[in-house]
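Structure, as structure tokens:
All heavy atoms count here, side chains included; hydrogens, waters and symmetry mates do not.
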Amino acid sequence: MSEEKKSLNFLEQIIEEDLAADLQRDKLRFRFPPEPNGYLHIGHAASICLNFGLGITYNAPVNLRFDDTNPAKEEQEYVDAIKKDIQWLGFQWANELYSSDYFEQLYLWAVQLIKQGKAYVDDQSSEAIARQKGTPTEAGVNSPYRHRSVEENLALFEQMKNGDFEEGSHILRAKIDMTSPNMHMRDPIMYRVLNKSHHRTGNTWSIYPMYDWTHGESDYIEQISHSICTLEFKSHRQLYDWYLDQVCSKKDLRPKQREFARRNLSYTVMSKRKLLQLVEEGYVNGWDDPRMPTISGLRRRGYTPESIRKFSEVAGISKRDNVTDVALLEFCIKDDLNKTAPRVMAVLNPIKVIITNYPEGKEEFIDASYNDYSEGFGSRQVPFSRELFIEREDFREEANKKFFRLKLNGEVRLKNAYIIKATHVVKDDKGEVLEIHCTYDKDSLSGSGTEESQRKVKGTLHWVSKPHAVKVEVRLYDRLFIDEAPDSHKEKDFKEFINPNSLKFNNNVYVEPSLTSAQIGDRFQFQRLGYFNVDDDSRPEHLVFNQTVPLRDSWAKIDQKSENKQADDSTINEILALAGKYLKSREDNERLPLIATVFELSRKVEINSLLSLIQSGNSNKEYLAYLMILNSQKLVVDFSNTKYFEPIDKFIGHALQMNNSYVRFQAVDFVGKNLNFKGNHIELLKEMSTEDKNTHIIERLKQF
RNA sequence: UGGCCCAUGGUGUAAUGGUAACACUCCGGUUUUUGGUGCCGUCGUUCAAGGUUCGAGUCCUUGUGGGCCAACCA
């Protein structure tokens, strides 16, 4: 019975307050106002899901309004792409509208303002106007044309409209206040002369209205109750309201602008200008390149509309600057596809297996479910024969018992098929394995119900029958940038952080024959590998798959660790627990013995074990533990060796900026003991030496 | 010599004066014919200092830090 009360974001709260005050529910109306000068991206999805979501929860209309007041940048191509993306996301607008629909009304209102002495034509150059405008800290001065007569203004504006003037020679300005602390109130431009053809109005106009003059009035015309935009428009609100004051009648609804923070995603850029740069300069193959954070790129990559809507929902809405971890987006698509994608088998890096006791020329068709754990997926027939492909990574001649896969004299289950045992290998002259010879247990067929089929074998491999296999192309993607926030570095161009390995082609992939009927856009889980979809470039004779996102691979982590490292694990876990206690304890007399124990234990830890950990740690506890281990190693390890220096240096850089003062102290202490780490963080350390909140840190910094 | 906005875990968001919560990430454990999924668990000085209050993440003041504002762009 108890219904979970979902908390409202601050915009929903504003709406609820308005409803509680005097706004009638049926007056609620929203809009999504893209400028058709680029493609929609995942940041826009936040706004789309917000506005259209509001429309759904309040059963209110949502208009799609193209903000097309600048004919120089806007194109029909973008209009079409934007409409397609919104529909694909699953939303339907009440009306498709254009700011340019209101050019006539806007013009009439402008004339009215001139007549009221609230707008004037300025003949100065843009440079002169900019100079008079002042700066955020200095007031502007009035234009010499500010006090023209109404008649003269009317005549000039008429000439502007008739196309009698050159571009840039005249503008219409609102007469507000050149000394306002808000730059937007310093006689803002309402109209400029632009002798350009517009994608909708053609050559009817040679004057075009500016954003501020257009947006609020368009909201008013459409009777939008809540005009939601991003935070950089906050300072425009005063002007938005001023313009509204000029035309709003008491009996009509007066729109309200409210702002929220735009959504940023780690390891990518989100501004249209930068995305356009990536497209135009060939860093990616178009707006819908699967590496792009555009809606069209994500769609081509294999993302579902549901996953993007879910992402927008869980990422939330607020007014704080943010960089959302791309892992959250990846979680959303994996979560969706895990429930919806059929499982099939594909081998990305094939090696041949010959089952020596399987009759030559024999083939059988095994009924394999598309999803073992969920109803309704159905099944298909998968061919099995004497020669198969498995992944090269799934075989080792020798391996320890943590390796659950195929090794010589070891047994493994072939998914949906038989248990096989590797007997020997055939190699080329370079010693590379060409064939793995195996025997199979003919009574062990999956699902046959025999005692042999129920045997527990530790590993299960995916496979493809060699004579039946279909060769396809697979495209593997990695993040486009190697830096978490590539455009946050003031001194550096964001393109310096482009990942050179963001796209890999693999033309030597074998898939099961059922996939020959796959259509463009179809999504699958390639068993044990990841989620893939059929790319737009795919043809029946040459199938192309995109890797949407890989499956979690916990083996990769285990495999990286040596035997030594695994022995270290328990020690490190112990230290981690102690570090947790340390953070929790309130008294120094609790902490001191903890430190002593940690240092004692730390000497047992090998530096190599630590290296892989420090690159993934992110909690205070982990940072503190790893720093204490590092601090105990001074005598044993040569930190100047670049193999150690680089990862540790990066780690220290992060640690110095952590909120927790114990973490910062340990990091500073480490630098103090190992001065070669000072170089890259010198600015930060200088700043800390005067400004850190913690006096112990400042004291420690004074020592070096 | 400015105006405005923001500050809660590694990340993103809740808590609407009354026990700081949820999700992701990370790290453990467990289940498993996907080393996937699922399930369980570990990890917090609410930026600082004052003030108001029986009680402050929340209200006030002052700092500090970050962001936005000087296109004939939106």
*Can A:F404 be said to stack with the base of B:G35, given centres closer than 5.5 angstrom and planes under 30 degrees apart?*
yes
_Nucleotide nearest A:R263 (side chain, heavy atoms from C-beta), chosen from B:G12, B:U25, B:G10_ = B:G12
*Are A:D212 and A:H184 linked by a side-chain donor-acceptor pair shorter than 3.5 Å?*
no
*C1'-based separation of B:A48 from B:G57 [nearest Å]*: 14 Å
_Ring-ring centroid check A:H198 A:F103, cutoff 6.0 Å_ = yes
*So, is the end of the A:R479 side chain (NZ or CZ) under 6.0 Å from the ring centre of A:Y267 and within 45° of the ring's axis?*
yes
*Of the nucleotides B:A74, B:C72, B:A14, which has the atom closest to the A:S126 side chain?*
B:C72
*No-H, no-angle donor-acceptor pair, A:R405 side chain to B:G35 base, under 3.5 Å*: yes
_Give the dot-bracket line for RNA chain B from 5' end to 3' end: parentheses for intra-strand Watson-Crick or G-U pairs under 3.5 Å, square brackets for crossings, | for inter-strand pairing, dots for unpaired._
.((((((..((((....[..))))..((((.......)))).....(((((..]....))))))))))).....
*Of the nucleotides B:U8, B:C27, B:G9, which has the atom closest to the A:L576 side chain?*
B:C27
*Using a heavy-atom cut-off of under 4.0 Å over every strand shown, decide if A:E622 touches base, sugar-phosphate, or nothing.*
base
*Considering only B:U13, B:U33, B:C73, which nucleotide approaches the side chain of A:T460 most closely?*
B:U33
*B:A70 versus B:G12 - spacing of their C1' atoms, nearest Å*: 33 Å
*Which nucleotide sits closest to the side chain of A:H236: B:G35, B:C73, B:A74?*
B:A74
Filtered N/O pairs between nucleotides 36-39 of chain B and protein, under 3.5 Å:
| residue | atom | partner | partner atom | Å |
| --- | --- | --- | --- | --- |
| B:G36 | OP1 | A:S554 | OG | 2.5 |
| B:G36 | N2 | A:R343 | NH2 | 3.4 |
| B:U37 | O2' | A:N338 | ND2 | 2.8 |

*asked:* What's the gap between B:A15 and B:U52 when it is taken at their P atoms, as a whole Å value?
replied: 28 Å
*Considering only atom P, compute the distance from B:G44 to B:C5 and round it to an integer number of Å.*
34 Å
_What contact category does A:E138 fall into here, base, sugar-phosphate, or nothing, at under 4.0 angstrom with non-hydrogen atoms?_
nothing
*Taking atom C1' in both B:U1 and B:C24, compute the distance separating them and give it to the nearest angstrom.*
45 Å
*asked:* Go nucleotide by nucleotide along RNA chain B from the 5' end; which of A:N70 and A:R320 gets its closest nucleotide reached first?
replied: A:R320
*asked:* Is a donor from one side chain sitting under 3.5 angstrom from an acceptor on the other, for A:T179 and A:D177?
replied: yes
_Side-chain donor/acceptor contact of A:T324 with base of B:U11 under 3.5 Å_ = no
*Looking just at side-chain N and O atoms, do A:S143 and A:D122 make a donor-acceptor pair shorter than 3.5 Å?*
yes
